[in-house]
Amino acid sequence: METIKVKIADLAVKKEGGLLVTIGLGSCVGIALYDEQAEVGGLAHVLLSDSKQFMKKPSEKYNPAKFADTALPLLVENMEKLGAKRSRVVAKIAGGSKLFGDNSNVMGIGERNLEMVRKTLKELNIPVLAEDVGGSHGRTMKLYVDTGKVTISTVGRGEKRL
Amino acid sequence: MDEMPKVTEDRLDMLREMANIGVGSAATSLSAMLNEEKITMDVPQVAVEPIQEIPEHLGAPEDAVGGVYIESINEDTDIDLILLFVLSLSSVRYLIKRLLPPENTTEEMELSLLTEVGNIVAGSYLSALSFMTDRSFQSSPPKLAVDMAGAIVGTIIAETVTTDDYLILLKTTIQTEQEDIEGTVLILPNQGALDSLFNLMGVE
């Protein structure tokens with residue numbers, strides 16, 4: 001099967017079949033978007049929540065796929081170029097865990113990432129159909145572009161459908 | 001992504017030298033722990049790499065590894081960095097077998113042992129970095145996770161927030177009489193600190 005690997009702080013879109021996969025989501029969040037009718041899928045692996053918070057000056061060059069608030073609009077835009085319609089796009093999300101156990105942060109990076117992902121999807125009017133988030137383990141997320149099926153695998157626990 | 005930092009042959013030589021000192025002192029400590037008379041080391045492989053490529057360097061990114069990291073800071077220069085020691089799962093199992101009693105070991109003991117080994121190795125490299133830069137670094141208590149390499153690296157990059165888009169990769173193998181211990185040390189500097197580190201080491 002034709003497979004596109006989405007790295008850390010990366011995103012990709014695909015049309016009519018094949019597989020989008022991102023390996024090793026810890027506190028990072030994976031977002032799988034899908035338009036069934038157009039058979040267009042998109043997958044993003046965001047590292048941080050808010051681009052505004054981390055950019056010292058707005059003119060600074062940065063990778064939009066790194067942040068939830070900038071990656072998702074770009075992902076939708078790229079899907080639209082392949083024929084997707086925003087009103088039909090649905091989302092599944094995974095990740096946002098606390099790999100290094102509990103630390104002093106009142107709210108961990110993972111939780112903050114999840115919150116920004118949900119907020120940004122809401123602003124884009126994209127419903128979240130399923131989530132596999134939190135906990136203290138890493139995840140690998142796959143999106144099968146022919147059907148929109150999403151699977152999550154974890155070390156020692158195998159693969160399950162989301 | 002920021003511009004790729006300069007990686008001259010001089011800079012790589014300096015990193016190799018630092019890695020030699022670091023792995024030498026780590027191997028001495030491990031040798032004492034393992035009661036091994038003979039321990040040999042490979043010449044470390046060094047590189048400066050974009051963060052996105054790192055999981056691929058740590059073997060199969062989906063395989064479980066042990067990762068221990070310490071955060072370290074030099075207050076005079078505002079150099080903030082993370083040292084991460086990544087150990088293959090087979091090496092983790094070997095160390096547990098050698099260093100813990102065969103019976104009545106709990107998961108807590110295993111995790112604590114791994115954290116300590118990681119702390120020793122990361123601490124050895126931090127001492128080497130101190131030596132090469134002539135600066136002292138304060139470090140935080142070590143933190144451990146056993147999971148997919150990609151997840152560990154991604155989480156550390158996210159949690160430390162200030163990191164640059166590039167990091168230093170030092171790969172080494174320590175051979176004991178019974179088994180090879182394969183480990184990788186990653187040094188993740190904060191934004192701009194990579195150049196400062198090289199300047200302190202006296203290379204342009």
>> So, taking the atom named CG in Asn78(A) and the one named CG in Leu11(A), what distance separates them when rounded to the nearest 0.5 Å?
In response: 6.5 Å

> In terms of heavy-atom proximity below 4.5 Å to chain A, should Ile152(B) be classed as side chain, backbone, both, or neither?
Replying inline: both

> Is there side-chain contact between Leu30(B) and Met33(B), with at least one heavy-atom pair below 4.5 Å?
Replying inline: yes

> Do the charged groups of Glu39(A) and Lys15(A) touch, with an N to O distance under 4.0 Å?
Replying inline: no

> Quick one: CD1 on Ile168(B) to CG on Leu197(B), what's the gap to the nearest 0.5 Å?
Replying inline: 6.0 Å

> Is Ser72(B) reaching over with its side chain to a backbone N or O of Gln138(B), donor-acceptor style, under 3.5 angstrom?
Replying inline: yes

> So which bits of residues 126-140 of chain A come within less than 4.5 Å of chain B, counting non-hydrogen atoms only?
Replying inline: Ser136(A), His137(A), Gly138(A), Arg139(A), Thr140(A)

>> Closer than 3.5 angstrom, by distance alone: can the side chain of Gln52(B) be matched with the main-chain N or O of Lys7(A) as a donor-acceptor pair?
In response: no

> For residues Thr77(B) and Asn74(B), is any side-chain donor paired with an opposing acceptor at under 3.5 Å?
Replying inline: yes

>> Using 0.5 Å steps for rounding, measure from the CD1 atom of Ile109(A) to the OG1 atom of Thr155(B).
In response: 9.5 Å

>> Test: salt bridge (Lys or Arg N to Asp or Glu O under 4.0 Å). Region: residues 183-198 of chain B. Which pairs qualify, not counting sequence neighbours?
In response: Arg11(B)-Asp195(B)

> Where along residues 150-162 of chain A does a heavy atom come under 4.5 Å of chain B, listed by residue number?
Replying inline: Ser153(A), Thr154(A), Val155(A)

>> Within residues 20-34 of chain A, which residues come under 4.5 Å of chain B, heavy atom to heavy atom?
In response: Ile23(A), Gly24(A), Leu25(A), Gly26(A), Ser27(A), Cys28(A)

> Which pair of non-hydrogen atoms, one from Ile70(B) and one from Gly123(B), has the smallest distance, and what is that distance?
Replying inline: CD1-N, 4.2 Å

> Can we say Glu179(B) and Arg98(B) salt-bridge, meaning some charged N sits less than 4.0 Å from an Asp/Glu carboxylate O?
Replying inline: no

> Can a salt bridge be assigned to the pair Lys52(A) and Asp69(A) using a cut-off of 4.0 Å between side-chain N and carboxylate O?
Replying inline: yes

>> Can you see whether Tyr144(A) has Lys149(A) sitting over its ring - NZ or CZ less than 6.0 Å from the centre and within 45° of the normal?
In response: yes

